[in-house]
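Structure, as structure tokens:
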Amino acid sequence: MKSISLYEEKGSMLNRLGPESKILYIIAALLSPMLAGTKWVGFGFIICSVILLVQSRVIKKTIPILGVSGFILLTVVIIQGLFREGNVTPVLSLGKVIFYQEGLLFAWGIVINVLNILLCFCVLILTTKPSDMVENFVRHGFSPRLGYAVISVFQIIPQMTETMATITDAQRSRGMETEGNLMVRIKAFIPLISPVVMSSLINTKERALALEVRGFNATNKKTFLNDQKRNAADRYIEWSLIVVMILALVWRILKWQVL
Amino acid sequence: MAGIIVKNIKYKYPATDRLALDDISFTVEPGEFIGIIGRNGSGKSTLCQAIAGLVPNFYKGAYGGSILVDDLVVKDTEISDLCKRVGIVFQNPFNQVTGSKMTVYEEIAFGLENLGIPKPEMIQRIDDAMELLDISRFKDRNPFDLSGGQMQRMAIASIIAMKPDVMILDEPTSQLDPQGREEVFQAVHKLSQQGITIFMVEHNMEKIAEYSSRVILLDDGKLVALDTPGKIFSRMDLPEYGVTEPAFTTICKGLHLKCKNTDEYPVTLKEAEEVFRVYQSQKEENRNG
């Protein structure tokens, strides 16, 4: 594995959009339900995210993410449905187990919020090259050092993992036991710490030197090999999202006035 | 092209007592190829990093003397400015990959982006560097997918694209397999024909003898000798400095066979062939006579 990024180039509409549009989509998806004061807006954004992910042919990659969170959300539904304070209206009974409407509605709100957050972030991370995203931040004034720190993680971590595996094999060939019960594994960890840490420190120093001699700390304005990804579609989408947020706010104000 | 003047350089790493460089002085003309040899710990890498400005600007420590790259005083120049004139390639090709770029093409562009080179010029420089190092066919590959030799050539291309006047190669082949080493030496040979001033630290004495116009012999931070490969490798005291001469030089020393017109032992294969040819014909004459 050369990168821990989840990005895959599929040539889809979302791939062609700039990172700013997708980040604004996340902001709209998170803010609009709050502004409108109704979970149905969040539900609408969930449907929208699913459609976008299906269209981009990356929906399958969301399954592991949703699988893990799905398990947690199921426990939330069960616990809130059964035990939430203020549960008075039974709605479902399975033998002696009774689910209450108030708890289930509360859990439903949490499920909508969590799924909305997960799916809108998936729209960004599954369809955006990490280097494009960081490059856009740097173009807008983000520190290049911080940008490098963020982007290098995607490739350096798998390499460090491979190095650790090599060191583990080397120690194993010197007689270190690595498999067995928990105590054996904990004991095996100690002779690994020193070579792994030393190796990481040396590699980091050498990489820092390599960056220095390639002008990493130059103070002049940086240029970019890749053109900024931005077209008319980005502008339409961004304006549309802003309009949606404004409409959500207007809806909320009108609701207050009616009440 | 740039000339280098090294004047009375002394240097001690932080928190150490020993001088890593001890009063070294020499001059290098533009376009020269200087081989640097010596035992481990003799100061070869430190000298390279001093010319590149990493000593003292990165490592700090106690520094005396001066190094001039043309009109630039190295210790007073920021590394980000000096790197436009002096490029350096290190031993470990893996640690020279930035890790922030997904293709070889973008990786080579990294330094040019930092220096603010306009895009059209950037593309031209990258294409030229890739062609020189024969890595154009890898341009869309992930840098971590390359072999050691290919990665080292990419590292050299990354520096060459920045168009330095001086190129330093600090044991560029020590972590490579034989094929990788040969790929890098071929790349270095092409570089030497471009007229760039080159410093190369190597333990492969055959290559040092083949490429260098002059050789620096270091020991314990001191400059022992700076001379042509023929004169350096003809010395009989090389083992005292932890250095062995090229294999054919050793054979010729054992047979007391020197080059015809000089008082030196052959240091390249071509010279050795000539010497053996003369030796062979003399033997035949003696046999017939």
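Here is how names work: the chains are called A, B, and so on, in the same order as the sequence lines, proteins then strands, and each is numbered from 1. Side chains included, hydrogens not; waters and symmetry mates left out as well; all remaining heavy atoms used. Since the model is a prediction, treat every value here as computed from it, not as a measurement.
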So if I take each residue of residues 119-128 of chain A and look for any heavy atom under 4.5 Å from a heavy atom in chain B, which residues do I end up with? none

Atom of A/S131, atom of B/S100 and distance for their closest heavy-atom approach: CB-O, 4.1 Å

For B/D71, does the CG atom sit with more than 12 other heavy atoms under 6.0 Å from it, leaving out its own atoms? yes

Does atom NZ (B/K139) have a neighbourhood of more than 12 heavy atoms from anything else shown, all under 6.0 Å? no

Report the option among B/G53, B/S80, B/G99 that has the most heavy-atom pairs separated by less than 4.5 Å from atoms of chain A. B/G99

Atom CD of A/Q55: over 12 foreign heavy atoms under 6.0 Å: yes

Side-chain touch A/V213/B/M162, heavy atoms, less than 4.5 angstrom: no

Contacts of B/D134 that satisfy salt bridge (Lys or Arg N to Asp or Glu O under 4.0 Å) - sequence neighbours left out: B/R137

Should the heavy atoms of other residues, nucleotides or ligands under 6.0 Å from OH of A/Y236 be counted, would the total exceed 12? no

Take atom CD in B/E121; do more than 12 heavy atoms of anything else shown fall under 6.0 Å from it? yes

The reported gap from CG in A/N226 to NZ in B/K101 (rounded to nearest 0.5 angstrom) is 7.0 Å

Looking at B/I79, B/I88, B/I159, B/T98, which one has more heavy-atom pairs under 4.5 Å with chain A than the rest? B/T98

A/N217-B/E78 side chain donor-acceptor pair, cut-off 3.5 Å: no

Residue by residue, scan residues 107-117 of chain B and write down, ordered by number, those that have a heavy-atom distance under 4.5 Å to chain A; if none do, write 'none'. B/E107, B/I108, B/A109, B/F110, B/G111, B/L112, B/E113, B/N114, B/L115, B/G116, B/I117

What part of A/F216 is in contact with chain B, defined as an atom under 4.5 angstrom from a non-hydrogen atom: side chain, backbone, both or neither? both

For chain B, which residues of residues 195-212 of chain A have at least one non-hydrogen atom nearer than 4.5 Å to it? A/N203, A/K205, A/E206, A/R207, A/A208, A/L209, A/A210, A/L211, A/E212

Is the number of heavy atoms from other residues, nucleotides or ligands under 6.0 Å of A/R172 CZ greater than 12? yes

Rounded to the nearest 0.5 Å, what separates atom OG1 in A/T219 from atom CG in B/D81? 7.0 Å

